[in-house]
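All of these numbers come straight from a predicted model, not from anything done at the bench.
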Amino acid sequence: MIELVRVTKVFPNGVVALQDVNLFVDRGEFVFVVGPSGAGKSTLVKLLYREEVPTEGEVYVDGRDVARLRPGQVPPLRRQIGVVFQDFKLLPNKTAYDNVAFALEVIGASRREIRRRVPQALDLVGLRDRARAYPNQLSGGEQQRVALARAIVNNPWLLLADEPTGNLDPDTSWGIVRLLEEVNRRGTTVVMATHARHIVNAMQKRVIALRRGRVIRDEHHGRYVRDDDELSSLLEEMRAVVSP
Amino acid sequence: MIRALAYGTREALASLRRNSLMSLASVTTVAVCLTVLASTLLVAGNLDHLAAAVEAQVQIRVFIAEDATPETREALAKAVAGLEGVASVEVVTREEALERLREQFGSRRELLDAVEEMNPLRDSLEVAVARPEQVVPTAEVISRLQGVAEVNYGQVFVDKLFSVTRFVRWIGLGLVALLTVATVLIISNTVRLTVFARREEIGIMKLVGATDWFIRWPFLLEGLFLGMLGAGLTAGLTWQGYPWLVEQAERVVPFLPLLAGEAAREFVRRTNLVLVVLGAFLGAVGSTVSLRRFLRV
Ligand SMILES: Nc1ncnc2c1ncn2[C@@H]1O[C@H](COP(=O)(O)OP(=O)(O)OP(=O)(O)O)[C@@H](O)[C@H]1O
Ligand SMILES: [Mg+2]
């Protein structure tokens, strides 16, 4: 489970990315985090795997206050969390197989275990036949599936995805989201930050909406925006894009 | 632990192969830096050797009082030999002194026949000291002994000589120190470049939960390999090149007291050991230190 208690994040340059955010996500949930550009979605995700620490408040991941971890406790935290990024973050000089195996090597898995689990993960994302390809030989969608396989290969209970479909066409995006849904169905908690309006609306999952660092809406079976202020939100988002 | 070590070695080797151009550049930089350092070390070593050779030629000559009996002469020789820091004592009688003078006169030795009857020379002791800086205090002590007429060690000359040799040694030391600093800077900078080129990779490793040491190992080993390889090249060069250079130098300037033969081999061996250790150390520590910045994620 994840719990944020009165979390505020102010960057050194004075930007307030999150302000007084309270949040609870249970194990096994599937949550969308939406909001206009600059709303604080990425910052929220980064707090969970401790790329950033909150300025104020507590961030509990699996019962531990992540902000108070000693440096030595950060790797164990990250090993129970899978992360998928908009820009994939694959190692360019390793094959798809080795990129996935890497996440297991890091935690000291045996070779036998690696040989068993990597093909399973690649199977799940449907890339077994592309295992020997390097990232630059794969399409965007394929690269993202490799990244997803890497994120889930050591069975994390929490999967974080920060705009995992940001660089992909709608069909490919749906492919990724279906995979996330499958991972969630197998018991993994999924938190996905996204701008993909049509996906959020179609999935009917819990939606947490941020605006200027505050949670403005948190509802189950939610939509990307509430119907009644869909237009005003759209306008605001457009404004944010034009003058961020 | 074993697994992490095996993984580290495998990754380091793979990375050396993958970034072969970068590795080549690093090895070359290390080799060039260390070769300059090695040359300076060898020059400094030779300067020191030269200074020592010149200093070793300084002797104390003790003239014995005219009225001294052979017994006092022997007693004096014994007393001097027993002094601290005295390496050897040779008694030179006035007859022997004249004989030597004759030899030096060579073809005009008959000039000395005239003085044969009334030899004006005195009995003396030739005293060699173990360490050059002992010349002055030892001469001081000897001059106060019974039966000593005069002590001579070329006072003014020795003082000048010692200040010159001291100066030469300081220059050698200064050069070595300066170049060591430069080498450390250049090599660690080279290693920093290889680390910097892979900062993204390091970030991803951190992200999937790698511990700092897990990330450090391959870099440390890679730095170690690079440093040792570069130093090895330098060592090979000095091992082959130094004797050759000495040979060339001796052909041009004979009798120059250069480090040569077994002493030279020993010196080059020791220099090379220092270089390899330095190269390995700089490579390993350089990469570990430059990693620090990127591990803070
Ligand atoms: N490292 C940083 N230093 C300073 N300011 C930052 C930093 N990271 C983010 N910010 C600022 O914090 C605010 C929130 O950023 P964040 O990346 O969380 O937004 P986002 O909701 O993910 O936006 P997008 O949809 O464009 O990805 C922005 O105003 C951003 O400029
Ligand atoms: Mg973002």
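For A:L90, the part lying under 4.5 angstrom from a heavy atom of chain B is the backbone only. Of the atoms belonging to A:A109, it is backbone heavy atoms, and not side-chain ones, that fall under 4.5 Å from chain B.
Taking CE of B:M205 as the reference point, atom CZ of A:R78 lies at 14.0 Å (rounded to 0.5 Å). A distance of 11.0 Å separates NZ in B:K206 from CD in A:E51, rounded to the nearest 0.5 Å. Taking CZ of A:R150 as the start and CD1 of B:I204 as the end, the distance is 6.0 Å to the nearest 0.5 Å. Distance OG1/B:T211 to CD1/A:I107: 12.0 Å, rounded to 0.5 Å.
For B:Q248, the CD atom sits in a packed shell: over 12 heavy atoms of surrounding residues, nucleotides or ligands are nearer than 6.0 Å. Atom CZ of A:R116 is surrounded by more than 12 heavy atoms from other residues, nucleotides or ligands within 6.0 Å. At most 12 non-hydrogen atoms from other residues, nucleotides or ligands lie less than 6.0 angstrom from CZ of A:R64. Atom CZ of A:R111 sits in a sparse spot, with 12 or fewer heavy atoms from other residues, nucleotides or ligands closer than 6.0 Å. Shown here is A:Q120, whose CD atom has more than 12 heavy atoms of other residues, nucleotides or ligands within 6.0 Å.
Contacts classified as salt bridge (charged side-chain N to carboxylate O under 4.0 Å, His left out) and involving residues 175-190 of chain B (residues at least two apart or in different chains) are not found.
Closest approach of B:A210 to A:P75, counting heavy atoms only: O-CG, 3.9 Å.
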